[in-house]
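The residues of the chain are indexed from 1 along the displayed sequence. The structure displayed is predicted, hence computed values, not measured ones.
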Amino acid sequence: MALVAAGAIDATTVNVALDHLADAVALVAAAGLEAVPLSARRLGQGEDARCTVLITTSRARSFVSAVLAGSDVEAISRCFGFPVCCARAFAARRAAGADPMLAMLTNAHGQVPDAHLLLSALGLGALRHVPCAADCAPTREAIDRFIDTALSIDREAGDWLDRLGAWPVTWSSTGGIAEISTPYFRYHHFVGAGTCEVVANPRASRPVVPRDPRYAEVIQRLLPSRSAEPLKALGLSQEWERAGFDSPYAHRARYAGLLWQWSAALRGGAGDVLHYPCGDGLLGEMVAEINPRLRFLGVDDAPAAITLARARLPGPQHRFVIDPRDLPDGETEGRLAFVDPEPLVSRADQGGATLRAALARHRLVALYASDRALRRFGSLAALAQAAGLQIEATDATTCSARVTA
């Protein structure tokens with residue numbers, strides 16, 4: 001938004017919860033900019049409806065609105081800060097039905113991309129467009145301008161953003177699924193058909209630039225306060241840590257990969273899906289987005305986690321229990337069970353036996369391993385063996401396997 005205020009780009013967009021739309025429009029107006037609501041949608045089950053808001057200047061509003069009303073992808077891209085060469089390449093790839101990022105990386109011809117480029121698919125880093133080439137000079141200038149602006153507003157945040165460029169990031173795709181892998185998390189998302197793997201070239205941090213009071217004043221008006229609890233503000237509990245993951249992003253990425261791998265077993269019809277340990281119900285919420293007809297059964301030893309899970313997935317058909325013996329009888333088909341075997345390694349009580357019996361009535365049992373468990377046991381196969389479970393051949397990249405009969 002500071003780049004819009006400074007005239008570096010014509011416009012940008014943000015997603016705002018509908019309940020806060022009026023406040024957001026007022027804040028943008030106080031910063032001397034104009035906010036134009038474009039569309040509203042619900043991103044996922046249980047989430048508030050959100051509105052996409054166009055932010056531009058009064059001078060550029062008419063021009064930007066006219067461009068957005070048309071179908072010229074190149075012109076629209078340029079409004080949002082794409083360099084001319086990148087806007088032209090993006091439009092051509094879209095017209096050809098190609099995934100812009102995959103097409104660019106597949107034709108890199110030995111060029112090593114910047115980490116900011118590979119992280120852009122997540123909205124992280126300092127790049128907000130798909131470049132025409134991995135070594136595009138105007139894109140490099142856009143990255144530097146974005147970081148300079150961030151540094152001028154908030155030295156600490158800008159420095160963190162700059163350091164993202166030094167991350168060793170790998171971007172790979174196969175079968176229409178791309179994986180972004182960093183030292184802190186992995187993330188899966190859909191791309192076009194094609195196979196590609198590239199590793200970012202870490203860049204050295206640049207000298208810190210002086211703070212610019214123009215940008216600082218704009219941002220102070222837009223963001224009058226900051227949350228002291230960023231994870232809570234993002235709707236993330238601390239369950240990722242208890243579940244053995246290195247970050248909340250690693251937690252979600254593992255679940256996303258797990259659901260993608262076994263999605264065929266979740267689609268269509270009713271049935272039960274069991275998760276142990278279920279934590280705060282995150283996996284259940286993700287399963288409900290795939291097939292809301294499924295009944296989700298969660299088991300966890302921690303009462304606080306069960307409370308969070310019930311709040312996250314409150315439907316009367318779902319059950320979250322501490323004692324596996326409180327699980328409902330198998331009056332419906334056991335479709336799929338997701339299990340982290342690590343807690344089973346030391347669980348030899350009656351509840352453990354009941355849980356194993358509950359797993360046995362499911363058509364498919366899929367194991368997965370947390371970051372902690374992989375460090376502790378070395379592999380998912382070794383973890384399963386320690387828990388007394390026999391698995392089929394495992395795919396080390398997904399840390400997931402199927403239990404054999």
Side-chain angles (χ1 to χ4, degrees), residues 1-43 48-97 100-101 104 116 120-121 123 125-132 136-150 152-154 161 212-224:
M1 286 186 284
L3 291 172
V4 175
I9 59 177
D10 290 322
T12 188
T13 58
V14 295
N15 289 317
V16 180
L18 282 180
D19 290 346
H20 301 294
L21 179 58
D23 292 337
V25 170
L27 286 171
V28 173
L33 300 173
E34 295 201 9
V36 183
L38 297 179
S39 62
R41 67 192 185 281
R42 192 174 299 277
L43 300 180
D48 294 333
R50 303 183 74 82
C51 180
T52 299
V53 178
L54 173 73
I55 298 177
T56 186
T57 62
S58 57
R59 174 187 56 80
R61 176 173 176 170
S62 296
F63 166 72
V64 172
S65 297
V67 170
L68 292 181
S71 58
D72 188 334
V73 174
E74 181 178 343
I76 293 172
S77 301
R78 292 187 63 183
C79 281
F80 291 103
F82 281 48
V84 175
C85 54
C86 300
R88 185 174 299 120
F90 182 78
R93 289 162 183 162
R94 286 286 299 272
M101 177 71 84
M104 185 273 296
H116 287 292
S120 63
L127 183 60
R128 293 298 184 268
H129 69 266
V130 179
C132 59
C136 172
T139 292
R140 163 56 48 210
E141 294 173 2
I143 292 174
D144 288 342
R145 182 171 63 244
F146 195 100
I147 293 174
D148 287 343
T149 303
S152 71
I153 297 165
D154 186 315
L161 184 65
D212 187 325
R214 294 177 303 159
Y215 296 147
E217 181 181 356
V218 170
I219 294 303
Q220 283 301 316
R221 292 177 181 176
L222 291 173
L223 303 174

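For the pair A11 and L54, the tightest heavy-atom approach, listed with the atom from each and the gap, is CB-CD1, 3.7 Å. For L161 against A150, the heavy-atom pair with the smallest separation is CD2-CB, 3.9 Å. Closest heavy-atom contact between C132 and M104: O-CG, 3.8 Å. In terms of heavy-atom proximity, D10 sits nearest to R78 at OD2-O, 4.5 Å.
By the side chain to side chain contact (heavy atoms under 4.5 Å, CB included) test, V67 pairs with F63, A75, I76, C79, sequence neighbours left out. Residues satisfying the ring pair (Phe, Tyr, Trp, His ring centres under 6.0 Å) criterion with F146, sequence neighbours excluded, are absent altogether. For T56, there are no side chain to side chain donor-acceptor pair (under 3.5 Å) partners at least two apart in sequence or on another chain.
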Open item on the list: side chain to side chain contact (heavy atoms under 4.5 Å, CB included), that's the test. Do T57 and L33 meet it? Break it down for me.
Closed with: CA-CA 5 Å; T57 62; L33 300 173; 3.8 Å; yes
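The line from CD1 of I153 to CE of M1 is 9.0 Å long, rounded to the nearest 0.5 Å. From M101, atom CE reaches atom NE2 of H129 across 10.0 Å, with rounding to the nearest 0.5 Å. For the atom pair OG1 of T149 and CG of D144, the computed distance is 10.5 Å after rounding to the nearest 0.5 Å. The CG atom of L38 lies 7.0 Å from the SG atom of C51; values are rounded to the nearest 0.5 Å.
For residues 57-77, every residue pair satisfying the salt bridge (Lys or Arg N to Asp or Glu O under 4.0 Å) rule, not counting sequence neighbours, is listed here: E34-R61, E74-R88.
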